[in-house]
Amino acid sequence: MVIQYKCPNCGSDMAFDSESGHLSCPSCGRQDDIETFPETNILRKFDPEEAKEYHCENCGAVILTEAETTATHCSFCGAPVLLADRLTGDLAPAKVIPFTISKDEAVAAFRKWTKNGRLTPPGFASGDRIKKMTGMYVPFWLYDIDGKADVAALATRVRNYTRGDTIYTETDFYDVRREMDLSYLKVPADASEKMDDELMDKLEPYDYGELKDFRMPYLAGYLAEKYDYDDEALFSRVESKIIPYIDSYISSTIAGYSTVSYTNKQIQAHKKNVYYTLFPVWMVYYDFENKEHTFAMNGQTGKVVGKPPISAFKVAAWFTGIAASAFAVLKVISFAVGGVLW
Amino acid sequence: MRDFQSKWLMTLYFLLIFIGIGGVSASAAVDQRVYDNANLLSDSEIAELEAVAAEHSGRHGTDFLFLTSEDPEAFDVVDYMGDFFDAWAAENGQENAVLLTMNIATRDVYLAGFGTAETTLDNQRVNLVLDRILPEMQRGDYAGAFRETVTTASRYMEFRPGVNPESIFFKNWFQLAVALLLGGGIVGFMVYNSGGRVTTTASTYFDGDNSRVTGKLDQFRNKTISRRKVPKKSGGGGGFGGGSTGGGRSFSGGGRKF
Ligand SMILES: [Zn+2]
Ligand SMILES: [Zn+2]
């Protein structure tokens, strides 16, 4: 892997002196320390010798593998892919969360999950119809986000008290202002076009304690998908993801009022750092009643997501069971309170 | 041990006999419950109401009585009712009764609960019964009003004293609706989550070290005060509540104009 340090002043490649840990720019003379050098100015690229890129002619997926891999199957459609390009100058991932769940463990975890499906048809849980399981690194952008919020609100505090035979309701009005610094770290957005965004969001959270600097050997035995969207294109998605988080933080800073109505809310968020990161995902292709169902499993935590088939009979049974027992409980309570069943 | 058991059985046996006697005596001793002094009812209506009253009287050990009068001079229907009941109770040896009295001349109606009915048909329940029979009274269907009084009061008396028998909580349709909503809600939630749940929260990616409030203002602006009267404990919309008769019998009750 080739790592380039782009000078924040002039954009030239800076020279790295491993003795002192210093970076120096040959063009403008700028000096930087490697420890504090901004992540956005570090460019990681694949070495032509270490990685290959496969294009699936069947579905169009682009898959990255180690250079040693000679032939493989597309992780999306299963078609054999043979056409390979050497990667030259392509952006390499900065971080990776390695697989901690092996294929055997993934199969066991998936079987256990199908058994826990309370609404799935009986055959779904008992059946052993895993057609294919592929361990795949899915490309994500992780954003460190800095933000500022400036909000104004009109808040009220209401209290009631009684004097004589009169009830007084006193409403105090307050002008409330809050200015705050906001910081969110490593908020992920999947950069794959083929992966369903909602599905990938449900796979979160990953344990960032296992987040490693990317090295080629992590790819051994797995496939990695190439990113389809760059970090600029996905920033709006991440923004819409954290806005509800910011809103809840804002309201947590305005406490002790009966009502709060915002008159002005200004939120600015910008990305401080972006990390091109690979997350481990087991893709499970499961045959059931002549239909293929696709599930995804978090390759680190084992969490399974995806739409399982739903049994109308089981839905009806659960509904009837819950409604009937709730009715019975209400009857018992009404008998205990009122002494009457009907 | 055997001795203890047989004592128990004896006690139970006597208890059953007493309950049986109590239940029978309440209904068997009384032969008239409808006193139609104002001649508002036909003979067949009286016969039918007697039958209905007898049936429900046996069930609660409480006699359901109906008294009509046509006395333009009687300025208080409660006094009239009290005098009637003092005499009736002495004559029949029964203190537990629900008594519906109406004076067709002054258009007063009063419902009272005596003895155990003073608690099983308290002022609140009396007013609920009156609410239901008032339309019939106004229509002139006095037989219907008494029939309704007997069936409604009899139903109310099955409820534990003090609870509101018309509370929505006791309604079958309400209990059914709650049960169905709960079933639908929980199963809907299960279906919605069958494909996995979002488990990230606002704090998952939050950086508490670098997030902080930098400016804060809570400025009092103005206040408004609104006043309202403490609501009076209503004794039941035009009723005069319970009381006691000239003979010292206390009762629950309520009355209306119709
Ligand atoms: Zn420079
Ligand atoms: Zn393909």
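By convention in this document, chain letters (A, B, ...) are assigned in the order of the sequence lines, proteins followed by strands, and residues within each chain are numbered from 1.
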Whether Ser211(B) side chain and Ser183(A) backbone form a donor-acceptor pair below 3.5 Å: yes
Of the listed Val158(A), Thr169(A), Leu182(A), the one with the largest count of heavy-atom pairs under 4.5 Å with chain B is Thr169(A)
Lys331(A) side chain near Asn172(B) side chain, heavy-atom distance below 4.5 Å: yes
Residue among Gly196(B), Gly208(B), Ala179(B) with most heavy-atom pairs under 4.5 Å to chain A: Ala179(B)
Does a side-chain heavy-atom distance below 4.5 Å link Phe173(A) with Lys223(B)? no
Find the one option among Lys171(B), Lys216(B), Arg160(B) whose heavy-atom pairs under 4.5 Å with chain A are most numerous. Arg160(B)
Find the one option among Asn222(B), Leu182(B), Leu181(B) whose heavy-atom pairs under 4.5 Å with chain A are most numerous. Asn222(B)
Between Pro244(A) and chain B, which part of the residue has a heavy atom less than 4.5 Å away: side chain, backbone, both or neither? neither
Compare every heavy atom of Gly195(B) with every heavy atom of Lys307(A), then report the nearest pair and how far apart it is. NZ-N, 4.0 Å
Of the backbone (N, CA, C, O) and the side chain (C-beta and beyond), which part of Tyr143(A) lies under 4.5 Å from a heavy atom of chain B, both, or neither? neither
Would you call the rings of Tyr249(A) and Phe206(B) parallel, tilted or perpendicular if under 30° counts as parallel and over 60° as perpendicular? tilted
Heavy-atom proximity to chain A below 4.5 Å, by part of Ser203(B): neither
Relative to chain A, which segment of Thr204(B) carries a heavy atom at a distance below 4.5 Å: side chain, backbone, both, or neither? side chain
Is it the side chain or the backbone of Thr162(A) that comes within 4.5 Å of chain B heavy atoms, both, or neither? side chain
Tell me, out of Pro308(A), Ala153(A), Ala326(A), who's got the most heavy-atom pairs with chain B below 4.5 Å. Pro308(A)
Can you tell me how the ring of Phe220(B) sits relative to the ring of Tyr174(A), calling it parallel under 30°, perpendicular over 60° and tilted otherwise? perpendicular
Does atom NZ of Lys257(B) have more than 12 heavy-atom neighbours, drawn from other residues, nucleotides or ligands, at distances under 6.0 Å? yes
Select one option (side chain, backbone, both, neither) describing which atoms of Arg197(B) are under 4.5 Å from chain A's heavy atoms. backbone
Closest heavy-atom pair and its distance - Lys229(B), Ile167(A): O-CD1, 4.5 Å
Chain B contact via Thr171(A) - which portion, at a heavy-atom distance below 4.5 Å: both
Proximal component of Tyr156(B), with respect to chain A [non-hydrogen, under 4.5 Å]: neither
Going by distance alone, is a donor N or O of one side chain under 3.5 Å from an acceptor N or O of the other, for Lys272(A) and Asn210(B)? no
Region of Ala296(A) in contact with chain B, defined by heavy-atom distances below 4.5 Å: neither
Under a 4.5 Å heavy-atom cut-off, does chain B meet the side chain of Leu185(A), its backbone, both or neither? both
Please report the interatomic distance CG(Asp144(A)) to OH(Tyr205(B)), rounded to the nearest 0.5 Å. 12.5 Å
From Phe335(A) atom CZ to Phe159(B) atom CZ, the distance as rounded to the nearest 0.5 Å: 11.5 Å
If you round to the nearest 0.5 Å, how far is CG of Asp165(A) from CZ of Arg228(B)? 12.0 Å
Could you have a look at Val163(B), Asn164(B), Ile186(B), Leu180(B) and say which one has the most heavy-atom pairs with chain A under 4.5 angstrom? Leu180(B)
Donor-acceptor pair, distance only, cut-off 3.5 Å: does the side chain of Thr214(B) make one with the backbone of Glu179(A)? yes
Chain A contacts, top residue of Val198(B), Thr200(B), Asp209(B) (heavy-atom pairs, under 4.5 Å): Thr200(B)
Which bit of Val187(A) comes within less than 4.5 Å of chain B, counting heavy atoms only: side chain, backbone, both or neither? both
When you compare the side chains of Lys303(A) and Thr199(B), does any donor N or O come within less than 3.5 Å of an acceptor on the partner? yes
Test Arg221(B) against every option in Thr156(A), Val176(A), Leu154(A) by the side-chain contact (heavy atoms from CB on, under 4.5 Å) rule and name the one that passes. Leu154(A)
Distance in Å, Asp218(B) CG paired with Asp175(A) CG, rounded so as to fall on 0.5 Å steps: 9.5 Å
Begin from the C-alpha positions of Ser334(A) and Phe169(B) and carry the test side chain to side chain contact (heavy atoms under 4.5 Å, CB included) through to its verdict. CA-CA 7 Å; Ser334(A) 72; Phe169(B) 182 75; 3.8 Å; yes
Expected output: side-chain Arg178(A) to main-chain Leu217(B) donor-acceptor under 3.5 Å: yes
